[in-house]
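Scroll down for the structure; my scribbles are underneath it.
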Amino acid sequence: MAALGAGIAEGGIGAAAVGAIAEDSDFFGIGLLFTVLPETLVILAIIVIFIV
C-alpha cells in the first residue's frame, strides 16, 4: 500500500517538477528533493515490515 501511494504521489510531483524546471532551471534541486521524498515512505515501510 505504501508503494502504491508513493507511486501516485510521484506522478503529480514529477510532472510539476518537470514543468518548474522547464520554466527556470534553478528549481532542479528542489524538484529532485520533492520527487525523492515519497520514496522515503516506501523505505520506512520496508524497514517496519522487517522489524515486525
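Since we're looking at a predicted model, the values are computed, not measured.
For Val42, the side-chain contact (heavy atoms from CB on, under 4.5 Å) test picks out Ala3, Ala6, Glu39, Ile46, with sequence neighbours left out. With sequence neighbours left out, the side-chain contact (heavy atoms from CB on, under 4.5 Å) criterion links Ile30 to Phe27, Phe34. Contacts of Ile43 classified as side-chain contact (heavy atoms from CB on, under 4.5 Å), with partners at least two apart in sequence or in another chain: Ile47.
Across all their heavy atoms, Gly31 and Ala17 have their closest contact at CA-CB, 3.9 Å.
If you take CG on Leu44 and CD1 on Ile49, they are separated by 11.0 Å, rounding to the nearest 0.5 Å.
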